[in-house]
Amino acid sequence: MINNISILKNITILYAEDEKDLREVTHQILKGFTKKQYVAQNGQEGLELFKEHENEIDLIITDVNMPILNGLDMVKEIKKINLNIPIIVATAFSNKEYLLEAIDIGIDKYVLKPIDIAKLLQVMSQSLIYHELKDLYTDKLTNLPNRNKLKKDLDENDIDLMALLDIDEFSTVNDLFGEKIGDTILFELANKLKTYFNDEDYVVYRIEADKFTIVSRKHNQDVNEFYNLCKTFADKIEKESLLIDEDEIDINITIGIAQGDGARAFKYSQRVINYARTKLQRIMIYNESFKIQQSFEENIKWVKQLKVGFRENLFQAYFQPIVDTKTKEVHKYEALIRYITKEGVEIAPFHFINVAKKTKLYPNIIKIVIQDAFKLIKNKNKRVSVNISFDDIANEETTAFIYEILEQNKDFTEFLEFEILESEEISDFNEVAKFIAEIKKFDCIVGVDDFGAGYSNFNLLTLLDIDFVKIDGSLIERINSSKDLEIIVNTIANFSKEFKVKTVAEYVSDEDIYNKIKELNIDYCQGYYFDKPLSYDSIK
């Protein structure tokens with residue numbers, strides 16, 4: 001009885017047979033059960049047909065003894081092109097040598113001549129079903145078990161220790177070198193993982209994109225032993241470039257390790273790898289003391305509060321004075337977002353700004369800040385600066401809103417300033433230059449905030465048409481206790497003056513810091529020594 005015969009009706013086969021009569025009879029029969037057939041008279045012809053129609057062919061049936069290139073040699077060449085193609089051998093020989101060689105090169109099934117058509121159709125359907133199941137649990141690029149297989153193994157096996165491995169900035173690798181090179185990198189990394197973590201003690205899975213999981217087969221393996229093994233592998237990857245098409249490409253990886261019963265270990269490894277990145281660590285073992293779950297719960301809480309806040313107008317700008325260093329008179333105010341609870345409690349952006357950015361809610365914040373800035377400018381005749389990130393500038397919806405509100409308030413735009421956040425890397429200076437040119441049409445002043453932080457470079461003063469720099473608070477708050485910081489701040493101040501760019505010092509918290517800033521001829525000061533951020537109503 002033939003089962004699952006319907007599976008054959010949509011497939012294309014390659015049939016190689018040198019005996020003319022058998023070839024023609026079998027071909028006619030196969031026509032009635034399969035969608036399309038490519039027929040070859042020998043192994044060489046079969047190989048050429050496969051190369052030409054690889055993307056169409058679902059299954060191969062081949063004789064063994066054929067002229068020019070025999071069936072098994074043809075299969076060896078085809079397996080170099082597609083390791084997973086289903087292959088059935090038809091042969092009049094049933095001796096061990098042929099069968100062992102066929103098994104060795106990955107033949108799925110065999111049928112003996114003279115061919116029993118019912119038997120042939122049966123093994124064809126069985127082979128296809130086997131490969132469908134295999135594909136369900138196997139990653140085609142790396143031939144590693146995939147996420148489905150990991151889930152199955154977690155349910156069925158006693159797993160209590162695993163590591164999640166992720167390539168750092170892999171999307172950037174794809175952008176730089178293309179997806180073809182990216183796939184080659186994943187393939188090479190998979191091979192290194194399989195070689196390093198032996199099959200007897202570990203199983204390596206590719207669970208998605210650039211993420212791999214290493215599961216320990218050793219029950220109750222010491223976590224520190226596993227950590228050292230993973231660390232040695234990470235060191236090896238960092239030191240040894242991958243050779244791709246004779247080019248050396250460097251990659252870095254982050255690894256999160258977790259213990260637990262099956263699914264829990266997998267869940268914890270996912271959590272700890274993200275936590276490791278926030279702590280700038282390459283490898284980390286999950287620990288309850290990290291309070292990662294509490295962090296998740298806090299994020300969930302803030303997603304809800306953000307939505308409620310925007311809907312019920314609980315966000316508003318507060319304004320911190322920026323004073324003239326020489327006179328201590330207020331020169332302008334910096335607009336800073338605050339969340340005001342229904343009970344009147346003021347919450348600083350530290351608690352919610354990252355969640356807003358990751359949930360695509362952040363553009364709402366800059367809209368509120370600019371609207372409140374114009375309210376202070378128009379109603380109380382004050383000069384106001386607002387922060388803007390590169391992500392804001394790259395967001396067409398956000399810039400369209402800015403240009404529109406500037407047009408609506410063009411009689412007051414000369415009192416509005418923009419501070420571009422330099423601590424968030426600017427990846428496209430042309431985009432920023434274009435934005436600056438547009439807002440300067442409205443006579444807005446433009447500066448760079450956080451100057452001297454992470455990505456600082458004096459080249460900004462030559463690349464962008466800016467009017468002031470705000471020196472990062474990390475350089476100011478300890479300026480009296482560090483001669484090095486004093487030299488850096490003095491260099492920034494002098495360099496800025498050469499370009500006729502004004503300077504602002506933030507985090508001026510006491511009189512000693514103020515006196516040092518005044519001594520260094522910084523133009524403006526901001527900090528709690530003068531005043532905290534103020535609500536709109538408290539500004540006269």
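This structure is a prediction, so every number in the text was calculated from the model and none was measured.
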Heavy-atom closest contact (Gln259 atom, Leu161 atom, distance): CG-CD1, 3.4 Å
Could you give the side-chain donor-acceptor pairs of residues 207-215 under 3.5 Å, partners two or more places apart or in another chain?
| residue | atom | partner | partner atom | Å |
| --- | --- | --- | --- | --- |
| Glu208 | OE2 | Arg147 | NH1 | 3.1 |

Where Val469 and Ser496 come nearest, the two heavy atoms and their spacing: CG2-OG, 3.5 Å
Carboxylate-amine/guanidinium proximity below 4.0 Å for Lys440 and Asp465: yes
Residue pairs fulfilling salt bridge (Lys or Arg N to Asp or Glu O under 4.0 Å) with at least one residue in residues 479-506, sequence neighbours excluded: Lys483-Glu486, Glu486-Lys516
Atom of Thr254, atom of Asp168 and distance for their closest heavy-atom approach: OG1-OD1, 2.7 Å
Asp153 versus Ile159, closest heavy-atom pair with distance: O-CD1, 3.8 Å
Electrostatic pair Lys231-Asp235, nearest N-O below 4.0 angstrom: yes
Parallel, tilted or perpendicular: rings of Phe310 and Phe315 (30°, 60°): parallel
Set of salt bridge (charged side-chain N to carboxylate O under 4.0 Å, His left out) partners for Asp443, sequence neighbours left out: none
Contact summary for Cys230 and Ala163, nearest pair of heavy atoms: SG-CB, 4.0 Å
Salt-bridge present (Lys410, Glu407; N to O < 4.0 Å): yes
